[in-house]
Amino acid sequence: MHFDTLALRATHQTDPATGAVVSPLHLSTTFARNEANELASDYVYSRPNNPTREALEQALAKLEGGAVGMAFSSGQAATMTLFQALRPGDHVLLSTDAYYGTPALLEQVFHPWGLTYSRVDMRDLDAVQQSIHENTRVIWCETPSNPLLQILDLLSISRLAHEAGAICVCDNTWATPVLQRPLELNCDVVMHSTTKYLAGHSDVLGGALIFKHNDEFAQRVRNLQSLSGAVQAPFDAWLISRGIKTLGIRVRAQMATAQAVAEFLDGHPAVEQVHYPGLSTHPDKALIHQQMNGPSAMLSVQIKGGAAEALAFIGKLKLFIRATSLGGVESLIEHRASVEGPNTATPQNLLRMSIGLEHAEDLIGDLAQALDTLSNR
Ligand SMILES: *Cc1c(COP(=O)(O)O)cnc(C)c1O
């Protein structure tokens, strides 16, 4: 079955009670027992389990080809719960270019709690091999990476993880299962900020973990999620299920526009460098073809100059919205270094763009007029 059909089938269940074509939204926190104290179903209380959340979790598992999916209140709650399932003394290996919240959790929450971690440029497989210790339990990859759109070789990294008795987790937020299915590349767990493309409309927070096998580790994570209440609220789960129905068509349309935008920016006299996997100059071209169905709808651009020039440029934009986050239907642009603070490794002249569903010509026109004011300064 093609992905688009799968996405619709996975999020559809005709309600047996009413025939409603759209799945009902179950807000109830609790479920009644009959005279004999028996429940009508497996549902007892909505922290451990809720029908609307469960419907999303089953859909997520199907989209990524996993045995079990879990829906959390945010991407960070998903990441946090996975790390909580490790033990003090365990080691996590994280790629250097990654969403800043992942190392922030490791540094601020889990380091004091006894988890160790280190970071390595995972494009260098020898360096990955050398950074694996006896106590390494998790290799955490993000590809394409935030904000430099670097591509990591998931097949090779998961092999190195397994040889060392560790698991390989892939943050698949940027690629989405439309473009990349890490479990098919031998990763053990996929993480998503469903806030982004899966929900797709910048109006709901969510996170997900999808496990290839419903093994002891998956069950440990499930137990932690249920005990701690790091769960997705039913209405939010319902919105994300709705978003998934149009995921394929959104991602492909946004990606086509991202390609056009990247080609326009590449070679513009006011531009220093464009980071986009769809450009023929991207260093990881072969890998992109090997493991992805397309270069994604995210790109970063380095403007000639520094933070002042980058900020002056985005100040002139009329269609792009200056805001953090990504994956929605509206195009967003952000000066990442401002958000990441003084210790950031992100270049000061870098702007990250999430391409939405506006017409490519309008977006390119907006960029062109803003770049012109920059070169005329
Ligand atoms: C946004 C994001 C996260 C964090 O997700 P939240 O839903 O904001 O908690 C993690 N990884 C990536 C790649 C992201 O873009």
Side-chain angles (χ1 to χ4, degrees), residues 53 56 60 64 69-84 92 94-110 119 122 138 140-152 154 169-180 182 187 189-210 225 228-233 236-237 239-240 243-244 247 251 254 258 275 277 292 295-300 323-328 331-334 336 339-340 344-346 350-356:
R53 189 172 87 234
L56 170 62
L60 289 165
E64 289 287 3
M70 300 174 199
F72 296 82
S73 48
S74 69
Q76 285 291 82
T79 302
M80 174 122 169
T81 309
L82 187 136
F83 290 149
Q84 280 175 329
V92 175
L94 175 66
S95 45
T96 20
D97 195 48
Y99 174 69
Y100 83 112
T102 311
L105 273 179
L106 287 166
E107 180 62 34
Q108 296 171 35
V109 180
F110 291 98
R119 302 187 73 173
M122 292 194 185
V138 169
W140 186 285
C141 308
E142 186 180 312
T143 179
S145 67
N146 182 359
L148 293 175
L149 283 296
Q150 294 171 353
I151 308 293
L152 303 179
L154 290 175
V169 181
C170 180
D171 182 337
N172 203 30
T173 300
W174 283 27
T176 83
V178 181
L179 303 179
Q180 177 170 276
C187 293
V189 186
V190 166
M191 178 267 169
H192 277 285
S193 168
T194 52
T195 311
K196 315 293 170 52
Y197 289 100
L198 272 72
H201 295 76
S202 308
D203 55 7
V204 58
L205 280 175
L209 295 175
I210 299 107
Q225 180 200 30
S228 69
V231 294
Q232 180 109 65
D236 295 358
L239 281 174
I240 294 166
I244 288 171
L247 179 64
V251 167
Q254 291 172 227
H275 303 272
M292 297 181 75
S296 91
M298 293 296 299
L299 62 125
S300 291
T324 194
S325 198
L326 56 115
S331 292
L332 304 180
I333 191 159
E334 181 182 36
R336 277 307 287 172
V339 190
E340 293 177 357
T344 181
T346 300
L350 181 138
L351 298 160
R352 191 185 76 186
M353 302 161 78
S354 169
I355 301 300

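Remember, it's a predicted structure, so these values are computed and weren't measured experimentally. As the structure lists them, so they are numbered: ligands from 1, and atoms in each ligand from 1. Worth knowing before you read on, the calculation uses all heavy atoms, side chains too, and leaves out hydrogens, waters and symmetry mates.
Taking a cut-off of under 4.0 Å to the non-hydrogen atoms of Glu142, the atoms of ligand 1 that pass are 13 (C). Of all the atoms in ligand 1, the ones that sit under 4.0 Å from a non-hydrogen atom of Gln76 are 5 (O), 6 (P), 9 (O). Close approach to Thr195 involves these atoms of ligand 1, each under 4.0 Å from a residue heavy atom: 7 (O).
Of the possible polar contacts, none joining the Glu64 side chain to the Met191 backbone as a donor-acceptor pair under 3.5 Å is found. Checking side-chain atoms of Gln180 against main-chain N and O of Thr143 turns up a donor-acceptor pair under 3.5 Å. Using a distance-only test at 3.5 Å, with no hydrogens or angles considered, no donor-acceptor pair links the side chain of Ser300 to the main chain of Leu148. Put simply, the side chain of Glu142 never gets that close to the backbone of Thr96: no donor and acceptor are under 3.5 Å apart. Although no hydrogens or angles enter the test, the distance criterion places no donor-acceptor pair under 3.5 Å between the side chain of Ser193 and the main chain of Gly207.
Atom 2 (C) of ligand 1 has its closest protein heavy atom at Lys196 NZ, 2.5 Å. From the protein, the heavy atom lying nearest to atom 13 (C) of ligand 1 is Asp171 OD2, 3.3 Å. Scanning the protein heavy atoms around atom 4 (C) of ligand 1, the nearest turns out to be Tyr99 CE2, 3.4 Å.
In this structure, Ala175 and Pro144 approach most closely via the heavy-atom pair CB-CD, 3.9 Å.
Within the 4.5 Å cutoff, the side chain of Leu350 has heavy atoms near those of the His275 side chain.
Remark: distances from the non-hydrogen atoms of Leu326 to ligand 1 include one below 4.0 Å. Residue Gly206 places a heavy atom less than 4.0 Å from ligand 1.
Below 3.5 Å of separation, one finds an N or O of Gly75 facing an N or O of ligand 1.
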